[in-house]
Structures are given as C-alpha cells and as structure tokens.
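Just so it is clear: chains get the letters A, B, ... in the order the sequence lines come, proteins before strands, and each one is counted from 1.
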Number of protein chains: 2
Amino acid sequence: MNLKQLSLMLELSQTTVSRALNGYPEVSEETRRRVMDAAKRHGYRPNPSARRLATGKAGMIGYVMPTGAAVDIDPHFVEFLSGLGDYARGHELDLVLSPADAQDEETTYRRIVANKQVDALYISAPCSADKRVALAHQLGIPFIVHGRSEGLDFDYPFIDIDNEGAFHDATRLLLQLGHRRVGLINGDDSQTFAIFRERGVRRALLESGLVLEPRQIRSVAMTEENGYRAARGMLEASDAPTAIVCSSLIMALGVVRAARDLRLSLPGDLSLVSHDDVFPWLRPEHFSVPLTTTRSSIRAAGARVAERLAARISGLEDGARGEVWPVDLVVRGSIAGVR
Amino acid sequence: MNLKQLSLMLELSQTTVSRALNGYPEVSEETRRRVMDAAKRHGYRPNPSARRLATGKAGMIGYVMPTGAAVDIDPHFVEFLSGLGDYARGHELDLVLSPADAQDEETTYRRIVANKQVDALYISAPCSADKRVALAHQLGIPFIVHGRSEGLDFDYPFIDIDNEGAFHDATRLLLQLGHRRVGLINGDDSQTFAIFRERGVRRALLESGLVLEPRQIRSVAMTEENGYRAARGMLEASDAPTAIVCSSLIMALGVVRAARDLRLSLPGDLSLVSHDDVFPWLRPEHFSVPLTTTRSSIRAAGARVAERLAARISGLEDGARGEVWPVDLVVRGSIAGVR
DNA sequence: GAGGGCGACCAAAGCGCTTTGAATTGCCGT
DNA sequence: ACGGCAATTCAAAGCGCTTTGGTCGCCCTC
C-alpha cells in the first residue's frame with residue numbers, strides 16, 4: 001500500500017493525502033479525518049526511503065563508534081544506550097552506529113553527514129578541544145555532546161554531570177574525616193571528565209591547604225587490573241594515602257583487591273570513595289564493604305540526550321545550551337575517620 | 001556532485017556511468033576506467049538514499065534492541081558490538097539499533113522489514129522456540145542468530161559456542177579432582193545458552209553416576225549480587241557443594257565475595273570455575289585467586305556475525321549453516337582436589 | 001547480401017515520497 | 001455583477017539513483 005494507491009482509493013490527489021497525513025493546515029478537517037482513517041484501516045505507512053530521498057531527513061540519530069583491535073568500547077556505553085533506547089523507542093527513532101577507525105573518525109563523520117544518513121548525532125567521552133565536536137559544529141549537523149570539551153572557540157549543546165563538584169565534595173568529606181593524604185585513581189586524563197574530577201580533588205585539597213602530589217594520582221584506562229595496580233603502587237609507598245577517590249566501580253574492585261592483598265582493612269586503614277555510573281550488574285552497596293560513591297545514572301543521561309536530539313531534529317531546540325547535572329554523594333561504609 | 005552531473009561531464013549517459021561504477025560487464029574497459037577516474041577525481045559518491053529507493057537495499061544491518069525500564073542490556077553486548085564494528089568498519093556497513101518494547105518486539109521487527117530499513121539482522125540471546133527467529137524466518141529477511149534456539153521446525157543460520165561441551169568439560173575436571181557435590185550458578189534459564197550449560201553439567205555428573213540436585217542449581221540474571229546470593233544459599237546449606245561452576249565473571253565476583261564472607265578459602269574449601277566472555281576490563285587471571293574459566297571471546301563472535309551477515313547480503317552465503325565454536329578450558333588457581 | 005549475434009551505449013521509466021505553482025470553488029464587499 | 005480573497009484541491013516536477021527495453025554499428029556466417 002503506497003501513497004498512490006491510497007490516494008486513488010480516496011479519489012484525492014497524492015498531494016492532499018500527503019498533506020493530510022503530515023498535518024499541514026491547508027486541508028479541510030473532514031478530508032483529513034477521512035484520509036487518516038483510510039490510512040489506518042489499510043495500514044498505510046509511508047516508505048521511509050522515499051521520504052528520505054524527498055526530504056533529506058533520515059529519521060535516525062547517529063553515533064560514530066571508534067573501533068579497532070586496540071580499542072575497547074567502554075562498558076558504560078551499554079547503559080547509556082539503554083537510556084537512549086528508552087526514549088527513542090517511544091518516538092520511532094532509530095540509532096545508527098557507524099563504526100570508524102579510531103585513528104580517523106573524521107572520514108566517517110564526513111561520510112554520514114554528506115550522505116545525510118542521520119539527522120543528528122551524539123558525541124561521547126570528549127577530550128579537550130575535541131576534534132569531533134569541532135567537526136560536527138563545522139559541518140552544521142545537529143548534535144549533543146555527552147560530556148564537555150574545553151578549549152573550543154564556540155559554544156555547543158551538551159549534557160554533563162558535575163564531575164568537578166562531585167569529586168570536590170567527596171574529597172572534602174574525606175578531609176573532614178581527618179584524612180590528609182588522599183589519592184586519586186582517575187580515568188584516562190585525555191578525557192574531560194577526568195580533568196574535571198582531578199580539578200575537583202585539587203580544589204578541595206587546596207581549601208584545606210593541601211596539594212595533590214603527583215605520586216598520589218594515577219590516570220589509567222578504567223579496568224579492574226589498572227585499579228589494582230594503581231592502588232598497589234600508591235599504597236606501598238612510604239607516604240601512602242589513607243583515602244582513595246576512584247573514578248569507576250570497576251577500578252574500585254581492583255582497589256579493594258589491592259587493599260586486601262596488603263592486609264589493609266576498609267575503612268579502618270583505607271577509606272575509599274568511587275564514582276558510580278549505576279550499573280544494574282555491579283552495585284556499590286554490595287561490595288564486601290559497601291562503597292561510598294558519587295552517583296549519577298548514565299542511563300538517565302542517555303535518555304536525556306535522546307530527548308534533546310529529538311527536540312533539535314524537530315526544531316524545538318536550538319542554541320548551545322549546556323546542561324550540568326548535580327551528582328549525589330552517597331555515604332556508605334567504606335569511609336571512616338583517619339586513625 | 002551527482003550522477004547526472006558526472007555523466008554530463010563525461011558525455012555519457014547516466015546508465016553507462018552507473019553501470020561502470022557498479023561493475024556491470026556491458027561497459028568497455030576503457031570507458032570504465034574513464035568513469036572510475038572521474039568519479040574519484042570529483043569525489044563522487046552515490047547518494048545512499050536514492051540508491052535505497054531504487055534498489056530497496058539499505059546497506060545496513062539491524063538489531064532490535066529490547067528496552068524498557070525493567071530491561072537491562074547485557075554488558076556482554078558492548079563487547080559483541082566491538083567485534084561487529086571491527087568487521088563492519090572495513091566494509092562501510094552501518095548498524096542500526098531499533099529500540100523495541102521488550103514486551104512486543106514483533107511490531108518493531110515487522111516495521112524494519114516492511115520499511116526495508118536493513119538488509120539483514122542479527123538476533124541475540126535466543127530462548128527456546130524463539131519467536132524472533134521464527135518471525136525473521138517467516139518475513140524472509142536474511143539473519144544470523146548469535147546463539148541457538150531449540151524447538152523450531154526449520155533450520156536457520158547461527159553461530160554459537162559449545163556451551164554444553166564447555167560446561168561438561170569443566171564439570172568433568174572438577175569430578176576428576178574428586179568433587180562430588182558440584183553447584184551450578186547459571187544465567188536466566190529461559191535462554192538457550194543456560195539450558196545447554198546445565199545440560200553439560202548434568203551429563204558430566206551422570207557419567208560419574210551423579211545427578212544435579214535442584215538445590216545445587218540456580219538460574220538468575222547475571223549480576224554480582226545474584227552470584228553472591230546464589231552462592232551463599234548453596235554454601236550455607238548442609239550439603240554445600242565443594243565446587244561451583246558459574247556462568248559469568250560478574251557473578252563469579254559475587255561467588256568469591258560469598259566465599260570470603262563465609263570464610264571459605266579458594267581453592268581449599270571451594271573450587272570455582274566460571275565462564276569468561278573475555279572483557280578487557282575484568283579478567284579472570286586478576287581475581288584475588290586467579291579463576292579457572294571456560295573462555296570464548298564474544299568479541300570474535302561479533303566479528304564473525306558481521307562477516308556472515310555481509311556474506312548473506314551479497315548473496316555469497318545462504319542456507320542454514322550453524323557454526324559451533326569450541327571453548328577453551330583455562331585452568332588457573334581457583335580449583336583444587338577436594339579435601 | 002541478408003540475417004543473426006554481439007558489444008557498447010542510451011533514453012526513459014520507474015522507486016514512493018514531498019513540494020511547487022496553479023487551478024477551482026465559494027463567498028464577501030462594493 | 002464583478003474583482004478579490006481565502007479555503008481546498010490538484011497536476012506535475014523534483015529527489016538521485018537503478019533498470020528496462022531498446023538502438024546502433026560491426027563482424028561473422030551461410
């Protein structure tokens with residue numbers, strides 16, 4: 001059943017039927033009702049390929065996915081995707097993942113924009129002066145950044161959590177508990193979120209007249225093993241921290257293991273705070289010692305990104321508004337006053 | 001630059017240019033070279049929307065992603081995706097994720113097939129007599145199942161790992177070490193992989209004249225917490241198992257935690273084997289006691305699925321060949337002879 | 001030398017929509 | 001009675017490809 005057949009059946013022109021269906025005002029209410037009705041009855045659905053060709057709109061949102069043998073997709077991504085899907089489902093928005101060579105994402109961005117394969121895209125895990133953000137901006141495709149990029153000479157729309165505030169507050173709490181040597185086990189510091197978190201820790205320390213020693217900070221890919229190594233490295237040193245702030249639950253697993261290997265008890269010998277993106281399959285309250293966390297649902301962020309992308313596509317949103325979400329600090333058993 | 005301009009420029013018809021570009025034989029080699037050359041020089045790329053409308057082929061592969069507030073996407077998915085992307089990248093194949101109401105995926109399947117939004121799709125985590133597999137088969141769209149479904153009255157193409165063999169071998173090894181009470185902490189047993197794994201354990205036990213008691217088996221969603229609960233439940237019982245086989249590393253984390261809480265040492269008091277899908281961020285060799293695992297890279301499976309989907313799209317593959325991959329049994333410190 | 005076959009190319013008809021520009025109608029004011 | 005105007009409707013021209021159904025030479029065969 002295509003438009004032609006439907007219009008023949010209704011004894012109307014394709015124009016009128018098309019307009020009726022797409023809510024244009026210049027069609028009488030009665031006609032619209034008739035058309036809508038017939039369309040529903042015959043299960044007519046406009047062919048998206050044809051519509052795409054005619055309008056240039058794809059009805060899809062895109063994500064350029066870096067791939068390569070050495071590239072590991074962040075497990076956070078799947079939770080983000082859940083959220084995106086939650087929203088997109090109700091709006092018949094599909095998501096297209098375009099795999100790209102991690103060394104050369106630009107080609108892929110250019111391709112999907114030139115081909116009009118998607119109406120909007122989102123960019124995740126930006127670094128400073130992120131090339132992709134600059135490119136999307138320059139190509140003029142609607143986009144939302146999940147996270148922030150610093151050092152670009154234009155504004156852009158984003159949603160991010162208050163990483164600096166979260167880590168500041170976590171660190172301040174530890175300081176209030178009497179800790180003086182606080183270590184930071186951070187994610188890869190080419191990424192903005194890690195920079196902000198470090199900044200938060202530093203600011204809190206500074207407020208107490210302390211500084212973050214280079215030995216007390218590690219920036220690594222967020223795996224269990226890296227968490228372990230980083231923690232061990234710090235904890236075996238002579239000026240071992242009495243508290244550690246850590247950027248992901250997965251690394252926190254490694255930190256806990258390191259503490260155990262070194263016969264340090266939590267929270268007696270070591271206080272630990274981790275950021276928690278809220279995975280259903282690994283919860284801080286179920287660690288052997290329940291973990292104090294800075295918590296923000298990455299899934300909720302996914303849903304919000306989808307919502308804003310949809311708004312941008314339909315012209316309901318424009319401009320460069322950035323949204324920064326506050327982060328919960330959830331206190332559990334893994335922190336205590338310093339001995 | 002579109003086909004028309006290019007053909008004008010070359011003083012050839014659109015037909016000939018199109019054929020030259022698409023490798024049809026009825027164009028002279030010289031002309032083809034000229035065309036190819038000009039296309040490259042002017043950066044001509046056929047408009048995919050137009051091509052789609054004309055051919056009905058989308059140049060994309062699809063995945064219907066169940067979503068909903070209560071639905072958690074499996075973290076395995078992201079690794080699978082990595083693999084898929086690794087292959088797809090080299091072939092300019094994009095993946096479209098169509099979010100669907102987990103209660104009613106059929107509507108979404110029908111939509112994407114009717115709209116010809118994708119040329120082929122893959123189906124993951126099938127259950128017995130999986131509706132989606134039946135539907136894809138019936139709708140006649142090329143597809144590959146990652147995993148298997150039993151109880152369908154037709155054959156279909158799939159790739160799966162030898163879950164039964166893996167769990168059989170793991171269990172047999174434990175039996176050879178003298179264990180007589182082996183527990184199984186399995187994934188949700190509506191899914192085929194869990195059924196096969198259980199079958200493998202049962203078979204191995206049977207070969208030693210043993211049976212798997214209902215108390216010694218748990219089928220749960222694969223979270224850390226569920227692993228913990230299941231292990232605790234088993235280990236606190238009077239006929240506690242001396243060895244546990246477990247379906248995922250994440251659950252194994254919970255099992256280890258339970259053992260620790262109960263002051264059971266690994267492998268002294270409890271032997272543990274887990275299945276390992278090979279995540280970069282959580283490795284069995286880095287558990288406090290290195291874990292013996294049945295190992296199979298889910299990422300490799302993703303790449304293979306993409307490869308076969310591409311082959312199906314281009315007509316290089318058809319029929320219902322199923323591929324079953326062997327699984328490594330990697331022995332590490334978490335198992336020992338029974339005391 | 002007529003007929004057939006073949007290699008190379010082309011004009012035009014789709015694919016199924018949206019959108020432009022125009023036509024038709026009824027109604028109002030003057 | 002007539003021009004003007006708003007409300008509806010329409011025919012046809014795109015969108016940029018692929019594919020059908022040719023044409024046009026040219027060589028080969030009998």
Side-chain angles (χ1 to χ4, degrees), chain A residues 1-36 38-39 42-60 92 111-119 313-315, chain B residues 1-36 38-39 42-60 92 111-119 313-315:
Chain A
M1 169 68 42
N2 58 22
L3 185 60
K4 190 168 180 181
Q5 291 169 33
L6 187 65
S7 57
L8 243 43
M9 176 161 294
L10 285 162
E11 299 188 307
L12 283 170
S13 73
Q14 296 191 32
T15 310
T16 304
V17 176
S18 171
R19 301 214 130 130
L21 257 19
N22 292 318
Y24 282 67
E26 61 264 61
V27 51
S28 76
E29 272 317 308
E30 194 213 318
T31 308
R32 189 189 305 282
R33 216 176 305 278
R34 259 183 71 217
V35 171
M36 292 286 217
H42 297 84
Y44 168 74
R45 315 226 35 180
N47 177 321
S49 301
R51 172 175 274 178
R52 256 175 97 146
L53 181 57
T55 62
K57 311 237 101 189
M60 301 194 176
E92 285 202 6
R111 171 172 65 86
I112 66 178
V113 170
N115 290 349
K116 301 190 195 247
Q117 296 202 121
V118 299
D119 298 331
I313 290 174
S314 53
Chain B
M1 169 68 44
N2 58 24
L3 186 61
K4 190 168 180 181
Q5 291 170 32
L6 188 65
S7 58
L8 242 43
M9 173 162 294
L10 285 162
E11 299 189 306
L12 283 170
S13 72
Q14 295 191 33
T15 310
T16 304
V17 176
S18 171
R19 301 214 130 129
L21 257 20
N22 292 318
Y24 282 67
E26 61 264 62
V27 50
S28 76
E29 271 319 307
E30 195 213 320
T31 307
R32 187 190 307 279
R33 218 175 305 277
R34 259 182 70 218
V35 171
M36 293 286 218
H42 295 85
Y44 168 75
R45 314 223 38 179
N47 176 320
S49 301
R51 172 175 273 178
R52 255 173 95 147
L53 181 58
T55 62
K57 311 238 100 188
M60 302 194 175
E92 285 203 6
R111 171 172 65 86
I112 65 178
V113 170
N115 289 350
K116 299 189 198 262
Q117 297 202 119
V118 299
D119 297 331
I313 290 173
S314 53

Ion pair check, Glu30(B) and Arg33(B), cut-off under 4.0 Å: no
Atom pair distance, as rounded to whole Å: CG in Leu12(A) and P in dA11(D): 10 Å
Phosphate OP1/OP2 of dT20(D): any Tyr24(B) side-chain N/O under 4.0 Å: no
Residue whose closest nucleotide on DNA chain D lies nearer the 5' end, Asn47(B) versus Ser13(A): Ser13(A)
Euclidean distance, atom CZ of residue Arg19(B) to atom C1' of dC17(D) [Å, nearest integer]: 13 Å
Distance, rounded to the nearest Å, where Arg34(B) contributes CZ and dA8(C) contributes P: 14 Å
Nucleotide dC15(C), atom C1' - distance to NZ of Lys4(A) in whole Å: 11 Å
Upstream residue (5' side of DNA chain C) when Leu3(A) and Glu26(A) are each assigned their closest nucleotide: Leu3(A)
Residue pair Asn2(A) / Arg45(A), side-chain donor-acceptor N/O under 3.5 Å: no
Residue mapping more 5' on DNA chain D - nearest nucleotide basis, Glu11(A) or Gln14(B): Glu11(A)
Sugar-phosphate only, base, or nothing, as touched by Thr31(B) at under 4.0 Å among non-hydrogen atoms: sugar-phosphate
Side-chain N or O of Asn22(A) closer than 4.0 Å to phosphate OP1/OP2 of dT18(C): yes
Under 4.0 angstrom between Ser28(B) side-chain N/O and dC9(C) OP1 or OP2: yes
Length of the CZ-P vector between Arg51(A) and dC17(D), whole Å: 22 Å
Distance-only side-chain donor-acceptor flag, Ser28(B) / Thr31(B), under 3.5 Å: yes
